[in-house]
Amino acid sequence: MVRVRFAPSPTGPLHIGGVRTALYNYLFARKLGGTFILRIEDTDQTRFVEGAEEYIMESLEWCGIKVDEGIREGGPFGPYRQSDKKEDYRQYAEMLVGKGDAYYAFDTPEDLEQMRMSYEKRGDTFIYSGSVRDSLSNSLALPEEEWKAKLAGGDHYVIRYRMPVNEDIHFDDLIRGHIVVNSSTLDDKVLFKSDGMPTYHLAHCVDDHIMEITHVIRGEEWLPSLPLHKLLYRSFGWASPEFAHLPLLLKPDGKGKLSKRDGDKLGFPVFPLYWPYGETAKGYREDGYYPEAFINMLALLGWNPGTEQEIFSMDELTDAFSIERVHKSGSRFDPEKAKWFNHQYLLKRSNEEIAMQFREELRAKGFQIDLQEIEELVALVKERVSFAKDLWAETDFFFVAPDKYDPEVVRKRWKEDTPALLAELRGVLENTDPFSPAETETAVKAWITEKGYNTGNVMNALRLVIVGASRGPHIFDIISWLGKESTIERIDKGLSEIGK
RNA sequence: GGUCCAUUCGUCUAGUGGUUAGGACGUCAGGUUUUCAUCCUGGUAACAGGGGUUCGAUUCCCCUAUGGACUACCA
């Protein structure tokens, strides 16, 4: 039975890289009929951010990623928040000390900082490991009575892993294949902190074991500490889960991995949802993205099924997904393509659904329009926009008569005979019934032909007085939607205001 | 600096020991729309470099370069 987990740290809003990690875990679990677990890793009390936990859950929900076991959902392997069982971790750390694979260390952060600095002065790098641990303040170097006295005396201490010396550690990654690292390049990582909390290394290993996690799918930043984690499982005598390290998401321009600040700087969101605390950060949801489009775009960043299909529902993603086809190298995020994805999904939505959304915006602007009419409008312009929120910019002239006329268009299209032409056209339209796109077009064209006028001159002038610029859908669709009365009014207004 | 990971069009990517190296986004051009956008058609554009192995390497190996991650009592 496959069991995977997404284990974020509640230190702020979830970044899209994190969402993708959650997504791949979710797809993997669903594909194999497994269980997707959400575990909150809040062992760093200093970085805890109020609201982050809720934000994470809400984000996953919005994305359509359903959690099987977690804080809200419950489950047989709880608690699912690490701080809720902080006392449990100590015994596991002590267990390792008992086995001789870990030890107490009394060095203060200040001591270590000083060591690092003096090493750095010599052009060296200090690492707490086999070569120096015997000369530092710990239970391996100190006489037994002394360190036991320190322990009994309540001295602050941490528990460190005793990294074996010069051992080649072999391990396999589902995405990267076989990797070998020599243990002498690794340091004695802190497992248990002096504040009574475990570090990530200890806590995730213990929890993955307790929760019977079969596959750990996480970001590439964890690859360097995988040897330690493998060793930890060995020391505990536990079977290790399989590991898969996902490539990073890179900035669209320049170098490096996508960071939380890139969004505002480059003008696109890096968070799924708006983050209301601290620095304001916009989200995909508020920017008008459909969750399906967002997920589709994210899924294809670092994975693809090997076919040319690009549009996938969550179910289709689940069917097609395989961890082996996840890339090894990082992918640069492309905001342009993200928009394209949303456009595709917008096209798939019904006019009615889009219209209902648009109606809210119109109401807020003070326009009470019948849904049926909004639907007609949506049908006219939906393929011109990527987001429902862009509808207004494409349709503003339907609701408000132009109060200024694009001077460039006026210069090009407003000829000497235009007023006379429009006055005559006004009469033609006035006598056209019903005022439908087909009927008006037929009438106007017949009139043009009869009089031998230039079609372009008439049409462009009409568009100018109706729209105020050279843009918008088919002109007869516009005037028909507007109705005879408004159309006539706009012609009159144009006649009196242009060309004075 | 050290350790580890990676490298196909600008971007996301497909692909193979012998291919005209395919698709998508973007971009450019033409067509349609007597507007603009859409849409259609077409174009542009890539195997990081150098050595091997091989009859033949983009594909396999090594080196270099470049990029990235990690190098906390953070995750």
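Here A:Arg471 does not reach the OP1 or OP2 of B:rA37: none of its side-chain N or O atoms lies under 4.0 Å away. Applying the 4.0 Å criterion to OP1 and OP2 of B:rA72, one finds that A:Arg160 has every side-chain N and O outside that range. OP1 or OP2 of B:rA14 lies within a sub-4.0 Å distance of a side-chain N or O belonging to A:Asn304. The side chain of A:Lys193 contributes an N or O atom lying less than 4.0 Å from OP1 or OP2 of B:rC74.
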Practice task
Apply the test side chain to side chain contact (heavy atoms under 4.5 Å, CB included) to residues A:Thr487 and A:Trp481: give CA-CA distance (whole Å), side-chain angles for both, the deciding distance (0.1 Å), then the verdict.
Solution key: CA-CA 9 Å; A:Thr487 301; A:Trp481 191 91; over 6 Å; no

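Spacing between atom CG of A:Leu380 and atom C1' of B:rU38 amounts to 13 Å, rounded to whole angstrom units. The separation between A:Ile169 atom CD1 and B:rC70 atom P is 20 Å, rounded to whole Å. Nucleotide B:rA72 holds its P atom 14 Å from the OH atom of A:Tyr119, rounded to whole Å. Atom CD in A:Gln82 sits roughly 9 Å away from atom P in B:rA75 (whole-Å rounding). One can place CG of A:Asp187 at 7 Å from C1' of B:rU71, the figure rounded to the nearest angstrom. In this structure, the CG atom of A:Leu300 is 13 Å from the P atom of B:rC25, given to the nearest Å. The distance between atom CD of A:Glu221 and atom P of B:rA75, rounded to the nearest whole Å, is 13 Å. Atom CG in A:Leu228 sits roughly 12 Å away from atom C1' in B:rC70 (whole-Å rounding).
For A:Glu383, taking side-chain heavy atoms from C-beta onward, the closest of the listed nucleotides B:rG26, B:rU38, B:rC74 is B:rU38. You'll find that the side chain of A:Glu310 is closest to B:rA24, out of B:rA24, B:rU38, B:rA75. If you check B:rA24, B:rU13, B:rU3 against the side chain of A:Trp340, the one that comes closest is B:rA24. Between B:rC25, B:rC5, B:rU71, one nucleotide has an atom nearer to the side chain of A:Leu223 than all others, and that is B:rC5. Nearest nucleotide to the A:His327 side chain, out of B:rC12, B:rU13, B:rC74: B:rU13. In this structure, the nucleotide among B:rU11, B:rU71, B:rC74 sitting nearest to the side chain of A:Asp44 is B:rC74. Considering only the side chain of A:Glu308, B:rG22 comes nearest among B:rG22, B:rA75, B:rU7. Relative to the side chain of A:Leu301, the nucleotides B:rC5, B:rC12, B:rG68 differ in distance, and B:rC12 lies closest. In this structure, of B:rC5, B:rA75, B:rA14, it is B:rA14 that holds the atom nearest to the side chain of A:Arg325. Of all nucleotides listed (B:rC12, B:rA72, B:rC74), B:rC12 comes nearest to the side chain of A:Ser331.
A ring-centre distance under 6.0 Å is found for A:Trp275 and A:Tyr55.
With both pairing distances under 3.5 Å, B:rG56 is matched to nothing as a Watson-Crick or G-U wobble pair. In this structure B:rC47 sits in no base pair that meets the Watson-Crick or G-U test at under 3.5 Å. When Watson-Crick and G-U wobble pairs are counted only if both distances are under 3.5 Å, B:rG1 pairs with B:rU71. Base pairing analysis places B:rU7 opposite B:rA65; the two distances defining the Watson-Crick or G-U wobble pair are each below 3.5 Å. The partner of B:rG42 is B:rC28, judged by Watson-Crick or G-U wobble contacts that both fall below 3.5 Å.
Within 4.0 Å (heavy atoms only), A:Pro247 reaches no atom of the nucleic acid at all. As judged by a 4.0 angstrom heavy-atom cut-off over every strand, A:Arg116 is placed among residues touching the sugar-phosphate backbone only. Among the atoms of the strands shown, only primed sugar atoms or phosphate atoms (P, OP1, OP2) are found under 4.0 Å from some heavy atom of A:Gly302. When heavy atoms are screened at a 4.0 angstrom cut-off, A:Ile179 is found touching the sugar-phosphate backbone but no base atom. Across all strands shown, A:Thr43 has heavy atoms under 4.0 Å from sugar-phosphate atoms exclusively, and none from any base. If you check every strand for non-hydrogen atoms under 4.0 Å, A:Val190 touches sugar and phosphate atoms only. Heavy atoms of A:Asp107 sit under 4.0 angstrom from at least one base atom.
Nucleotides B:rA24 and B:rG67, compared at atom P, are 32 Å apart to the nearest Å.
Within a 6.0 Å sphere centred on CD of A:Gln114, other residues, nucleotides and ligands contribute 12 heavy atoms or fewer. Other residues, nucleotides and ligands contribute more than 12 heavy atoms inside 6.0 Å of the NZ atom of A:Lys389.
Where A:Ala7 and A:Ala338 each meet RNA chain B at their nearest nucleotide, the meeting point lying more 5' is that of A:Ala338.
A donor-acceptor contact shorter than 3.5 Å links the side chain of A:Arg463 to the backbone of A:Arg471.
For the ring-ring contact (aromatic ring centres under 6.0 Å, His included) with A:Tyr284, the lone residue among A:Phe387, A:Phe271, A:Tyr290, A:Tyr289 that qualifies is A:Tyr289.
Separating the CE atom in A:Met211 from the CZ atom in A:Arg39 is a distance of 5.0 Å, to the nearest 0.5 Å.
For A:Lys189 against B:rA72, no side-chain N or O and base N or O form a donor-acceptor pair under 3.5 Å. Residue-to-nucleotide contacts include no donor-acceptor pair under 3.5 Å from the side chain of A:Arg176 to the base of B:rC5.
Between A:His204 and A:Tyr200, the two ring planes are parallel [angle under 30°; tilted spans 30° to 60°].
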